[in-house]
**Q** 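Below: one structure in structure tokens.
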Amino acid sequence: MAKHLISIDNLSKKTIEDIFNLADSFDKQLNKGHQNDLCKGKIMATMFYEPSTRTRMSFESAMYRLGGSVISSADTVTTSSAAKGESLADTIKVLQHYADLIVLRHFKDGSTLLAAENSDVPIISGGDGSYEHPTQTLCDLYTLRREKGEIKNLQIAVCGDLKYGRTVHSLVYGLAKFGATIFSVAQKDFDFPENVKKRLKSKYGVVIKNFTKLDEKMNSEDVLYMTNIMQSKKSKSAKKILKESDELFPRIPIEYFDAVYITRLQMERMQGIKSNYKSLMSYLVNKELLEKAKKDTIVMHPLPRRYELSYDVDHDKRAAYFRQAAYGIPIRMAIIAMFLGLVDFDIKLEPHQQKGIIMNEQCVNTNCITAGEENVQNKFLKSDDEENMYRCFYCDYEKVIRV
Amino acid sequence: MAKHLISIDNLSKKTIEDIFNLADSFDKQLNKGHQNDLCKGKIMATMFYEPSTRTRMSFESAMYRLGGSVISSADTVTTSSAAKGESLADTIKVLQHYADLIVLRHFKDGSTLLAAENSDVPIISGGDGSYEHPTQTLCDLYTLRREKGEIKNLQIAVCGDLKYGRTVHSLVYGLAKFGATIFSVAQKDFDFPENVKKRLKSKYGVVIKNFTKLDEKMNSEDVLYMTNIMQSKKSKSAKKILKESDELFPRIPIEYFDAVYITRLQMERMQGIKSNYKSLMSYLVNKELLEKAKKDTIVMHPLPRRYELSYDVDHDKRAAYFRQAAYGIPIRMAIIAMFLGLVDFDIKLEPHQQKGIIMNEQCVNTNCITAGEENVQNKFLKSDDEENMYRCFYCDYEKVIRV
Amino acid sequence: MAKHLISIDNLSKKTIEDIFNLADSFDKQLNKGHQNDLCKGKIMATMFYEPSTRTRMSFESAMYRLGGSVISSADTVTTSSAAKGESLADTIKVLQHYADLIVLRHFKDGSTLLAAENSDVPIISGGDGSYEHPTQTLCDLYTLRREKGEIKNLQIAVCGDLKYGRTVHSLVYGLAKFGATIFSVAQKDFDFPENVKKRLKSKYGVVIKNFTKLDEKMNSEDVLYMTNIMQSKKSKSAKKILKESDELFPRIPIEYFDAVYITRLQMERMQGIKSNYKSLMSYLVNKELLEKAKKDTIVMHPLPRRYELSYDVDHDKRAAYFRQAAYGIPIRMAIIAMFLGLVDFDIKLEPHQQKGIIMNEQCVNTNCITAGEENVQNKFLKSDDEENMYRCFYCDYEKVIRV
């Protein structure tokens, strides 16, 4: 049976470290300009149902660096059989005969898991809906290891759009796995979804420290503002600020963190939400803020950026986001080589090794692949903790079902 | 002069068998994981003016399996010079200098023949309008040979959209060439066009057995229904059903066939026809129907499918359509290798070795390439049988012309 | 520091001749069918924000002929992070880590220079806005050298859309560099922009001979008409015609020229101009005209063509435009090899070796990259000749600035 990369949770800590070590060795080879023909004769397919530069092109570049070939569908929605109404399952059942490995990006949550069920060749998630983006998280964790040495016990602030951003979902599972401390900084309506919080708690015992309300108790010395509005008040004493500030903007101290991970608003997923991006997110992280940070605090961003990250940060050495993008090549080379079985490794398959229970129930998530695909059986996994609580096999959303 | 694959009729039975034998040997190599560098240094161009997954990606995969390279235009209409109004002839005249072989898909009937007239490198049809799709037919015939041993004397039911579906047009010429018996099952308005029937008759002496009207004489024992509506009446005696049933649905006996080839409605070619796909085509072939078929009857479909083929058939061993898609790789490897002249073979060029007669007449087919291209001379071939009857050199449509 | 190809003026005459010699040797190899693995292990990225067949596919073909690999974004506007609002600078900062060389086509003037500022790998312009298209010009100059021996002192007529056509902008700089004599033939509103004329004058001392008005003094014997309307009057004596003809169509003598270079109207850049292409440009060059030309006058066109160049010229040996397209392969092989540093050569970097002066002024050109990109500093170069005159560092447009 083929091994698939659907979620960062498919990979044990040990496997992730194996990937990092392999990436290190590929990176050294690249820097020396050495050729590599590990994947000669192998074909990777990139099927992208959503726009992408970084993920698709870095996967393709990685495959070429390994001497392999690529068949590519950059705009699957309009240029493939999807335009004729073909189901994802059918597309994958065919495509598995054309390629040795498939990288899939799809707009529906859980789509890569569905693809994996229909494929005898490895499916690598290139991001699915608001669910996960595990290879981005591998780049992110690798960035932390390269730049900070060890991930354990790092204090990480995760900021921006935590609701729709799949990269931060995968990321917090990964950070939890390695024992980092996670602080979330999200404006109202953009906090982590409940299913993410529950999975963090049940799987890793992690309760995310959520700076979204002012009544969150903090030491007054720690208080510092991550928005322009707040920064303008920086001369006042922290205690005073706490009293004065409105409830919309929580405060967490920038000097407290080893890394600040910021993301853009996923406008393309916010149907019906008419928000002014600029006003919501204008320069959450900028030069002024960084002046107060530690000398070795790094700023990370999965890119592309909009207004949440100021260009005036780019020239600061602590701006790690372009290095983070560059690490995508050795990391994806390692992923390709490992999933093609060209190096030894062991993939822990959880929870996808479990079989879901087929039930005559709809998933509550309207963006779940089960709501978009014609011929999918609704499957659920039973919660260990709560009675009558099930979560969707594909997208993790919880639903109370009385059997 | 370059050799082109415009129509299945370009290939003699002998050449097709050569292609199958070559495909067999490539397939064995693939299964053993052996490398192949036959096409090293060669470049194939894929120019697709219509959406495709299977055809484009299987051609590209095949080329990479042979060690060659690919330059690809997956969405030629919007991303190429076609967007600036360039004629197909001009595009090909340039492209022939960039590639050693061109795979072309175009929305106009006869477009690949026009391309061939303007190219010094081989043009391989990837499907043109409602005209033909010869490499799909090679996959189809190869599937029959692999799964049924020999094609001669097989009883084949060809169902679905026989009017707009180019795959079935190429298919019936190929089946006729190999001596299979063809039964067509099409609802009103979706039967084979006249030009296809005439070509079958004049070239192969084949009169297609057309099950579109109930007054078609059949043994009452043979009667069996290929639609859901009919299946619901299966308890009644066949004779009685014959009397009762409406005239819309013809009946052919499923147990009579060695293979059932079904196709989807080509909605994208039905301008102005507002039809309810679901009601027209809902599960023409499903599990219930297959229960009555022979143990070794295979179900084929060029894919993608919509409602004409039920997912509940997928797990039946007789469902051959995903295997049929998989055969696309060895078949297209063989086509590429042969047309690049890397193996010996002989292409029979008929009717395209003939020169059309330039006439000051328009083709009657509004989807003919002569109606879409600026600088094409209308050319016709004289009918051997009928006086004053000509057929369009590009698209085969007949027209009475009094010279 | 990486070397970039932004403008034909980046290349000295000597360097261009080196490129031609290298192209000659690649062309010989291709004709002999010899393999070339010069670029094995190298990756080229093609990022196209505008449609293209010739430029993108010839670059990709050239890279494959050299044994390299390609990552491609044929429709960057809709399929990449640009769809999410990413700046060009950010895209390039990431992409430079995925490829060894980037070919960029962008709709804004000066975009490739901006890209170059943000890249540590070579940026090769594939055309930017109405600014320049230097590799097309290398193909054009190479065509002249191949077909006419030497470029110096050739008499070249440049016709069609000289305002929006970037290819003719690059071309006239190149022709001036090699000492050809340039005659422009453009209808009202389609003459060269002022910035092009000024650059020609200041850099090469060339004043373009502009046949856009009838009061341009000409010998009556030289008079000949480049439009259908004029040709209908050819029986009359030239002197008489001069008096009779309207002012719209200038006349230059076709027998005077060694090459006629004609271009299509860049309809896609003419926002708000509703013009009837056919009436404006109908068969500026056709068979009738060529009958009066010299036996060795060649007709060139960067393609795609519309109505300005008649198909009836195609079979004339003097029609050089498809050969011109074919030369794109050896020329682009040479460019790739040289900019990847795989052969020795010296790029003269002018004016881009200069640093622009950052000023708090907007460029006057609404299609300048500075008007489209969020985080670009407006930079200008001071005119040597005129006081208070500056030209935009990115797009060359002049502006009076009183400091």
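Proteins come first, then strands; the chains are lettered A, B, ... in the order of their sequence lines, and each starts at number 1.
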**Q** Need one label for C/D37: side chain, backbone, both or neither, based on atoms under 4.5 Å from any heavy atom in chain B.
**A**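 For C/D37, the side chain is the part near chain B, not the backbone.
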**Q** Can you tell which part of C/D314 gets under 4.5 Å to a heavy atom of chain B, answering side chain, backbone, both or neither?
**A**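 C/D314 touches chain B through side-chain heavy atoms alone.
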**Q** Write down the atom of B/V70, the atom of C/Y64, and the distance for their closest heavy-atom approach.
**A**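 Heavy atoms only, the tightest pair is O-CE1, 3.2 Å.
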**Q** Of all of C/R65, C/H34, C/E60, which one pairs up most often with chain B through heavy atoms under 4.5 Å apart?
**A**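 Heavy-atom pair counts peak at C/R65.
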**Q** In Å and rounded to the nearest 0.5 Å, what is the CZ to CD1 distance from C/F59 to B/I71?
**A**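 Between atom CZ of C/F59 and atom CD1 of B/I71 there are 13.5 Å.
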**Q** Salt bridge between B/E374 and C/R306, side-chain N to carboxylate O under 4.0 Å?
**A**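 Between C/R306 and B/E374 there is a salt bridge, with a charged N closer than 4.0 Å to a carboxylate O.
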**Q** Measuring from B/H97:NE2 to C/I329:CD1, what's the distance to the nearest 0.5 Å?
**A**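 Spacing of NE2 (B/H97) from CD1 (C/I329) equals 9.5 Å.
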**Q** Could you check whether atom NZ of C/K287 has more than 12 heavy atoms from other residues, nucleotides or ligands sitting under 6.0 Å from it?
**A**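 Atom NZ in C/K287 is not crowded, with 12 or fewer foreign heavy atoms closer than 6.0 Å.
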**Q** Please classify the contact between C/Q35 and chain B as side chain, backbone, both or neither, with a heavy-atom cut-off of under 4.5 Å.
**A**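 It is the side chain, since no backbone atom gets that close.
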**Q** Taking it one step at a time, do C/R54 and B/L95 satisfy side-chain contact (heavy atoms from CB on, under 4.5 Å)?
**A** CA-CA 8 Å; C/R54 254 159 297 281; B/L95 195 60; over 6 Å; no
**Q** Quick one, B/S73 with C/R56, criterion side-chain contact (heavy atoms from CB on, under 4.5 Å). Give me CA distance, side-chain angles, the key distance, then yes/no.
**A** CA-CA 10 Å; B/S73 180; C/R56 183 176 67 83; 3.9 Å; yes
**Q** Within the structure provided, determine whether B/M47 and C/M57 are in side-chain contact (heavy-atom separation under 4.5 Å).
**A**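 They are in contact (side-chain heavy atoms under 4.5 Å apart), so the answer is yes.
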**Q** If you count the non-hydrogen atoms of other residues, nucleotides and ligands that lie under 6.0 Å from CG in C/N31, is the total more than 12?
**A**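 Yes, enclosed.
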**Q** Does C/R305 reach the main-chain N or O of B/D90 with its side chain, forming a donor-acceptor pair under 3.5 Å?
**A**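 Flag not set: sc C/R305 to bb B/D90 has no pair under 3.5 Å.
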**Q** What's the shortest heavy-atom distance between B/Y98 and C/S61, and which atoms?
**A**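 Result for this residue pair: O-OG, 2.6 Å.
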